2 protein chains.
Amino acid sequence: MNKKSSYHHGDLREKLILAGLELLSEGGVMGFDLRKVARKAGVSHAAPYRHFEDKSDLIAAVIEEGFSQLHDSLQRAVDMSESNTIDQLQNISLAYVKFTVRNPWSVREMFSGLTIDHNMYPSLYATSKKVFSLIESVIVSGQESGILNLDDSKELACVFLSTIHGTALLIIENHMQPITSRPDGTEHLARLCVNALINGIKKT
Amino acid sequence: MNKKSSYHHGDLREKLILAGLELLSEGGVMGFDLRKVARKAGVSHAAPYRHFEDKSDLIAAVIEEGFSQLHDSLQRAVDMSESNTIDQLQNISLAYVKFTVRNPWSVREMFSGLTIDHNMYPSLYATSKKVFSLIESVIVSGQESGILNLDDSKELACVFLSTIHGTALLIIENHMQPITSRPDGTEHLARLCVNALINGIKKT
DNA sequence: ACCTGAACACCGTTCAAGT
DNA sequence: ACCTGAACACCGTTCAAGT
């Protein structure tokens, strides 16, 4: 993680990652060019190659930072919840959706194929899995306190993550129009998903 | 839709779209280059500009074809189902997940920001909405036959689409490991999602 | 009307040379 | 050890010229 020593900049590696995250947030991967990142960091266009294999390697580091920030947001949401599983899941959903809406281009890129092969960018893969683990632990505690059913906890976590990730992504792609046109649309939709998952959509 | 007339190729526009879809399937948008598409279609690198504004415009046409194929797959799944909402939703989920697993790079690109602004590529946006409409109509018929609850049908459709889209995407990003490591993993997960949504994950 | 070939600006990557 | 500048191949886009 820490490559302290550097020549002109203290920690160019970190600086490039932050510049990359900033550039990514401005318009996605099509406008993401290595020379621009270098310029943003005040360094020649060849300098990044001291710290990254190639462009993909820099992108991997940038979206790893994204996963890390997402994880921290979700962790904060759990910490601020009452010790009540429903409330925790509610708040995780909200935090996930809000993070996505605030960082749409990063989130798109975080789920655009770089994690397919966990041998390719092992550090990225490990960081991305922390999000899954966090959710699974909330699910497990919900089972222990008798609120959730006792299906395989990993399976429940998969289903839960699927729902909130799908919602978040479809919102930023403008595919949730009936709902996002409301003033409090994103909050409403996040809550809706959790309720539907908890209680089911079957007629009772 | 039909621009019949062409010079050397009958319908270059269509040919470029199919060549583009093929190239996209080989490795995503980072390897998607206009000159290669032109070469694949047997035409000079400047020829595409007779039919498309720029690279993004071609990509928009390519992923519109993707949405169209996805819609047809889902429609076929509905047609082959019994007139039973649960069975229909089950089959739609399976078809959605299978399509995504067969065409991972296309699906990633279909949800990578080109539909944000529906004024930018109106035809693309319209085609992409057909998927939503299809799902909504199945939901409505499920409400009419008394199987689903009577919440706003658009809201239910949003939640359902979120879940299956999230599942499909997370599978191809390798974030559903606990489940995709099983032999029949994708089918199992698709079924799981529908069951969870229908019945809820609450302890009963 | 539709396509080609040359031309331009710009990017990813490499490498010898600088401090 | 870390960074720079020149160099190379290649891409997106434009445009005058061909049929």
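Since the structure is predicted, the reported quantities are computational estimates derived from the model, not experimental observations. Per chain, numbering begins at 1; letters A, B, ... match sequence-line order.
- Of all nucleotides present, only D/dC15 satisfies the Watson-Crick or G-U wobble test against C/dG5, with each distance under 3.5 Å.
- Rounded to whole Å, the distance from CG on B/Leu34 to C1' on C/dC10 is 16 Å.
- B/Arg35 has no side-chain polar atom (N or O) that falls below the 4.0 Å cut-off from OP1 or OP2 of C/dG5.
- Counted by atom type alone, A/Lys202 and B/Asn149 present zero donor-acceptor pairs between their side chains at under 3.5 Å.
- In this structure, NZ of A/Lys55 is placed 8 Å from P of C/dT13, rounded to the nearest angstrom.
- Looking at the side chain of B/Asp33, the nearest of the listed nucleotides D/dA7, D/dC11, C/dT4 is D/dC11.
- An OP1 or OP2 oxygen of D/dC11 is reached within less than 4.0 angstrom by a side-chain nitrogen or oxygen of B/Arg39.
- More than 12 non-hydrogen atoms from other residues, nucleotides or ligands lie less than 6.0 angstrom from CD of A/Glu26.
- Protein atom CZ of A/Phe32 is 13 Å distant from nucleotide atom P of C/dC11, rounded to whole Å.
- Note: CG (B/Leu23) to P (D/dG12) measures 10 Å, nearest angstrom.
- The residues A/Lys55 and A/Asp57 are annotated as not salt-bridged, no charged nitrogen and carboxylate oxygen being separated by less than 4.0 angstrom.
- Across all strands shown, C/dC10 forms no Watson-Crick or G-U wobble pair with both key distances under 3.5 Å.
- The distance from atom CG of A/Asp57 to atom C1' of C/dT13 is 14 Å, rounded to the nearest whole Å.
- In this model, a donor atom of one side chain and an acceptor atom of the other lie less than 3.5 Å apart for B/Thr163 and A/Thr163.
- For the pair B/Thr115 (side chain) and B/Phe111 (backbone), a donor-acceptor distance under 3.5 Å is absent.
- Atom CG in B/Leu58 sits about 14 Å away from atom C1' in D/dC11, given to the nearest Å.
- If you measure from atom CZ of A/Arg50 to atom P of C/dT14, you get 11 Å, rounded to the nearest angstrom.
- Each of A/His45 and B/Tyr49 was matched to the nucleotide of DNA chain D holding its nearest heavy atom; the match closer to the 5' end belongs to A/His45.
- At D/dC3, one or more side-chain N or O atoms of A/His51 fall inside 4.0 Å of OP1 or OP2 (strictly under the cut-off).
- In this structure, CG of B/Asp11 is placed 13 Å from C1' of C/dC2, rounded to the nearest angstrom.
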